[in-house]
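Here's the structure, in C-alpha cells; my notes come after.
Both ligands and their constituent atoms are indexed starting at 1 by order of listing.
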Amino acid sequence: MPSNPVPDAVVDVIEPATEAVMARVPAADVEATRAAVARAKAALPAWRAVAPRDRALLLARIGAGVEAELEALARLEARNAGKPIGDARGEIALVADTFRYFAAAPERLIGQTIPVAGGVNMTFREPLGVVGLITPWNFPLAIASWKIAPALAAGNTVVLKPAALTPLTAIELERIAREAGLPEDVFTVLVGSGRVVGEALVADPDVAKIAFTGSTAVGRRIGALAAESITRVTLELGGKSANVIFADADLEAAAAAAPGAVFGNAGQDCCARARILVQRSAVDRFLELFVAHTKALRVGDPLDEATQMGPLISADQLSEVRSFLDEVPIAAQGRTPDGPGYWFPPTVLAPVTPDARAARDEIFGPIACVIPFEGEAEAIAMANDTIYGLSGSIWTRDGARALRMARAIESGTLSINSNTSVRVTTPFGGFKQSGIGRELGPDALNHYTELKNVFMAT
Ligand code: NAP
Ligand code: MG
C-alpha cells in the first residue's frame, strides 16, 4: 500500500509573520475540478435567465455583504498575506466597490443597431459560459473580485482557483455570495495547486475563458495550454515599472511618495515602481530624502495599526528576493523584527546601471533601484527598455513634458505626480509581456462577453 495515497488532500495555510499554520483547507484534485466545471456548466441556463435587474441586485447584495464583514475579512487577509491591516481594509473596501460598480452592468449590456440594406441589424453582448479564474497571493480577494464581479454581471458562471498560499478570504466570499442569494454552482471556489487544479481548469473543454493574474512565466504556460482549445484568456502579468523623476519636480513630494510605491505590500506588487529613474542633477537630493523616508518605515506585525510593511509571503519568496543583493551596492536599508516570519528590510540600491539583474528582473520584494538619467530622451529609452509595460509614474512641474512622457512610455497605466495605478472605474492592464486584456473600468465587460451580430430581413 502507498504510505501517502493523497499527498495534496489538505493545504496548510501559513501566517507569514509567524510561520505558524493558521488553517488547514481540503484541497481539490483534477476530478473535483472537472466536477465543479460540470456543475457550473449546468447552472448556466438558469443564471443567464435571471432578469438583469435581479442579477444587479444580487451583485449589489454581495458587495454589501463584503462591506458588512469588512473588518473580519481585512484581519484574515492581513494575517494570511502578511499585509498591514490598514492596507487590508482598503483592499476589502475595494472588493465591495468592485461588486457595486459591476452591479450596474447587467442592465447596461447594451448592443447596437447598424444601418444595413434589406433589414435590421443588431448586436448583442452574450455571456461566454463557464469562466475559470486563477489568482495570485499578493492582493488575494481584491484581484479575484476584479474578475468575479464582471464575469457574473455578464451572465457567466465562475470557478475560482485562488493561490494556495492565500485561499481564506475567497472561501469567505463564496459563503457571503451564497448568503446574498447567489444560486448554487454559479460561483465556486476550488482550493489547490496551480499545477493540478489550475491546469485542469485551463484544459477543461467546458471552460470558455481563463482570466489569470500572476507571473509572466505561468501566464505563458496558460496561454499555450489555452491555445489548444482556443479558450479565451485575459492575462495580468508581471511588471518592472519606472518612476521617472525630473529635476523640476516637487522632489519632496516625489521622495515622500516613492517608498509606498515600491515597498508597499513589501514590494510584492505587480505595479511596484521598482526602477526609480532620477534626473542626474537631482539624484543626490532625491536619495537623501528617499533614504530618510525608507529608514523611517515601520516594518512589523501586520495587525499593528502603526505597521507600514509586513513580511514577505513565504520562505521561497524570501530566498528569491535575497538573491538580488549579490552584485549591487546597498545605499540604505530599513529594519525588520527578529524571530519567526519571512522578514526582509526595505532596501535602496544605488547607483545601479540599467543592465544589472536587479534593475531588469521583477524582484517582487522591497528593493528599489535608483538609476540616473540625463534628459527626456534617455528617460523614455530607459523606461521602455524592459519586456514589461504595466504601470509607472512621471514627476515634473512641466505639464507638456508630463504628457509627452505619458504618450511615449509603453505602459498600460501611468500616473503624473502620483503613484496610483488602480481605480474601480478605470482600465487596468499591461502592454508587452505584462499581459493581454484589461480589468476594471468600462472595458472590462467586453472581456467577459462575446459579441453576437444578428440580421433580420424585413
Ligand atoms: P504565479 O506563481 O504565477 O501564480 C499565480 C496563480 O497561478 C496561483 O493561483 C498559482 O497557483 C497558479 N498557477 C501556478 N502554476 C500554474 C499552472 N501551471 N497552471 C495554472 N495555474 C498555475 O504568481 P504568484 O507567485 O502567485 O504571484 C506573483 C506574480 O504575479 C508576480 O510576477 C506579479 O507581477 C504577478 N501579478 C500581476 C498582477 C497584474 O495585475 N498584472 C497582479 C498581481 C500579481 P498556486 O500558487 O496555488 O500553485
Ligand atoms: Mg508562484
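- The option from Gly219, Ala27, Cys270 that lies nearest to atom 39 (C) of ligand 1, judged by heavy atoms, is Cys270.
- Residue contacts with ligand 1 for Val202 are absent, since no atom lies close enough (heavy atoms, distance under 4.0 Å).
- Between Leu237 and ligand 1, at least one pair of N/O atoms sits closer than 3.5 Å.
- Checked against Ser421 for a side-chain hydrogen bond (donor to acceptor under 3.5 Å, both in side chains), the options Ser391, Ser393, Ser415, Ser411 give a single hit: Ser391.
- Heavy-atom proximity to atom 17 (C) of ligand 1, evaluated over Gly198, Gly194, Gly435, Ser193, is greatest for Gly194.
- The N/O atoms of Asn138, backbone and side chain alike, include none that comes under 3.5 Å of an N/O atom in ligand 1.
- Taking any N or O of Glu362, backbone or side chain, at least one lies under 3.5 Å from an N or O belonging to ligand 1.
- At a 3.5 angstrom cut-off on N or O pairs, Lys161 counts as close to ligand 1.
- In Arg61, the CZ atom is crowded: over 12 heavy atoms of neighbouring residues, nucleotides or ligands sit closer than 6.0 Å.
- A salt bridge links Glu69 with Arg175: the closest approach of a Lys/Arg side-chain nitrogen to an acidic carboxylate oxygen falls below 4.0 angstrom.
- Under 4.0 Å is where a charged nitrogen must lie from a carboxylate oxygen, and between Glu305 and Arg89 at least one such pair does.
- One side chain, Lys147 or Thr213, offers a donor N or O that lies under 3.5 Å from an acceptor on the other.
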